[in-house]
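Side chains are part of it too, since the values below use all heavy atoms of this structure and drop only hydrogens, waters and symmetry mates. In what follows, chains carry the letters A, B, and so on, assigned in the order in which the sequence lines appear, proteins first and then strands, with residues in each chain numbered from 1. Nothing here was measured: the structure is a model prediction, and the numbers come from that model.
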Amino acid sequence: MDKKPTIEIRNLSKFFGNIIALKDVSFEVYKGEVTALLGDNGAGKSTLIKTLSGVYRRDEGEILIDGQVVNFSSPRGAAAVGIGTVYQDLALQPLMSVSRNFFLGRELAKWTGVLDFKQMDQITRDEMAKIGIDVADPSQPIGTMSGGQRQTLAIARAIYFGAKILILDEPTSALGQKQQLEVLRTIKRVRDLGELAIVFITHNDLHAKLVGDRFAFLNRGKIIASGDRTTIDMDNVRALMAGGAELANLEREFADPS
Amino acid sequence: MTSVDERIRKTTLLESALRRPELGSLFGLAAVVIAFMIMTGPINVSLGEKNTFGDMWVRSVGVQSWVELSAYVGILAIAAALLMISGEFDLSIGANVALGGHTFAMLMMAPDPMPLTACIITTFGFMLFVGFITGSLVVSTGLPSFIVTLGFWFANRGFANYLAFRNHDTSRLDIKPMLEERNVLKDGEIIPMPDPTKIDDIFAFKDGFFGWRGNIDLPLLEPFRLYFNAEFYYFIIIALVAVFVLNFTRIGNWIFAAGGDPVAARAVGVPVARVKIGLFMWSAFSAGFLGVIFTLQSGVSEPLAGDFRELHAIAAAVIGGCALTGGYGSVVGAVFGAFIFAIVSRGINFVPFIDNNLFRVILGLMLLGAAMLNQLLRNRVVKG
């Protein structure tokens, strides 16, 4: 492989007292690609996300972005080096408007101190359209949006505010089937923009297979298998994860979305 | 390729109006005004009572009675509303009226007192400090602000009266002699506000700037000539500034976010703790501001000044559409709520056939009705 990874994680470990939460976790993510990080509940996915997004400090290992070792100790620091995390709960305010949510914490104001609603609405509309959602009225409260659209809003926000590496924390898990597809479509579209390296964290290997270019399987704090589409035996690894039978059922369901 | 979701649709002007949090209180205010106009007018006449319609709605003394009360409650209600939108609550606001008044009075009564303006500014600084302590305690302990400010509700008034009693053998502080000495008070009356069109006049009168009894004619309402005290004009100014800040600035956005979902707000970089502490400071300052104004107007700081006003302010904010859970509400609504409170409270004196004791019954039922109506309207927002 001649191209360089946008972000490379080398032998990352995280301990909580005598509990080993992550041990020697290594994987890499490339620009314009999706690395799907799979693992069942308790595998260490949340710890990994929080370590990558600056909530926790790593105990061992290195994180390299564009070949440079980076160090950060806060979510702000992680954002500054280009890591944008979209959490499961999305960090959105349901009673506030779409564009207010988009710019929350980084509002645009005119020199008078008055918020520039016109420009914020315009940028929100444009950025959302780039990844496939047409927002007719950005001044509507997001309480009126579907779960999938909210996910899209959170992703669009992370991209607009300078994320090079997008970490998506279980973006499909709290959604209905139809909205899951909507989110997967969004991920695909962001991938095809070719500008971002995407880490897609999920416990659903079907979703991973649909959009993933590379795969890493996390179990009990360790990477038990990793590779790209050509090198990995998806069926074998799936057996390592819990609930193979249910997943098979879901696959049939998923193949035929109503 | 873009997908248009069927759930996002254009809204009409009417629909966006229905989403405003102050809508319920606007209807409430209209209903209360109409009801009291009928009760003080036609019904009184039909009952053979003296027609008191003009007494309440046109003549200066009557209008002043409820407009000034709405200014008093309104200034506190704006602070209460902003705090509630940010997800917090301040019960100590009434006690802080007395604390502010007493602090100011004691500064004036000191053996070697500072100039009047310095006393006022020192009091304001002290009240901001009190608010800072309250807010910091709420934010740092994570205790419900209801509990923390209940503590200060007891402590602040108690502390003010304790100090007053210890230093001056009374908890009712009379500063008329000190005001007369400084030419702020003449023959028992506060010197009226100077002509605001003459700049020289204002500078010559700087010591009385906060205490003027703003007997300004409202020329539009000739020939009736209405007069209002200073707090009414400050109320208008504060309301306009608060509406602007809440709806059109970054800080306003943060206030909503802090109350809506503080964890989410922090995740995107909103300084939630600082926003909340700032609003507690504003709340304590508002109370102290009124305490100083009343002390200057009457020459006396009363031990029970502001008693119950915290509840009136919260009632006005709730009537105005603020959600106790935070993240939702409006300053305009709180202003309407304050007017509703004041019109019912004072208007009842102009309606001979309603027993004054029923005031609290009416207020309580209105509060419940408003809360239910507002919840209904709020659900419309989430469900679109």
[X] [atom1]: over 12 foreign heavy atoms closer than 6.0 Å:
X: B:Leu26; atom1: CG; answer: yes
X: A:Phe72; atom1: CZ; answer: yes
X: A:Phe16; atom1: CZ; answer: yes
X: A:Lys50; atom1: NZ; answer: no

Which pairs, with at least one residue in residues 253-271 of chain B and sequence neighbours excluded, count as a side chain to side chain donor-acceptor pair (under 3.5 Å)?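 For residues 253-271 of chain B: A:Arg100-B:Asn253, A:Glu107-B:Asn253, A:Glu107-B:Trp254.
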Side-chain contact test, heavy atoms from C-beta onward, threshold under 4.5 Å: evaluate it for B:Phe244 versus A:Val114 and give yes or no. yes
Winner by heavy-atom pair count (cut-off under 4.5 Å) against chain A, out of B:Ala257, B:Gly327, B:Gly260: B:Ala257
Portion of A:Phe117 that has a non-hydrogen atom of chain B nearer than 4.5 angstrom: side chain
Can you name the residues that form a salt bridge (Lys or Arg N to Asp or Glu O under 4.0 Å) with A:Lys130, not counting sequence neighbours? A:Glu127
Residue list, salt bridge (Lys or Arg N to Asp or Glu O under 4.0 Å) with A:Lys45, at least two apart or on another chain: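 With neighbours one apart ignored, the set is A:Glu170.
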Nearest 0.5 angstrom please: A:Leu104 CG to B:Arg250 CZ, how far? 11.5 Å
As a quick check of understanding, evaluate side chain to side chain contact (heavy atoms under 4.5 Å, CB included) for A:Leu95 and B:Tyr328, giving each step before the final call. CA-CA 7 Å; A:Leu95 286 166; B:Tyr328 193 75; 3.8 Å; yes
Please list, in residue-number order, every residue in residues 273-288 of chain B that has a heavy atom less than 4.5 Å from any heavy atom of chain A; write 'none' if there are none. none
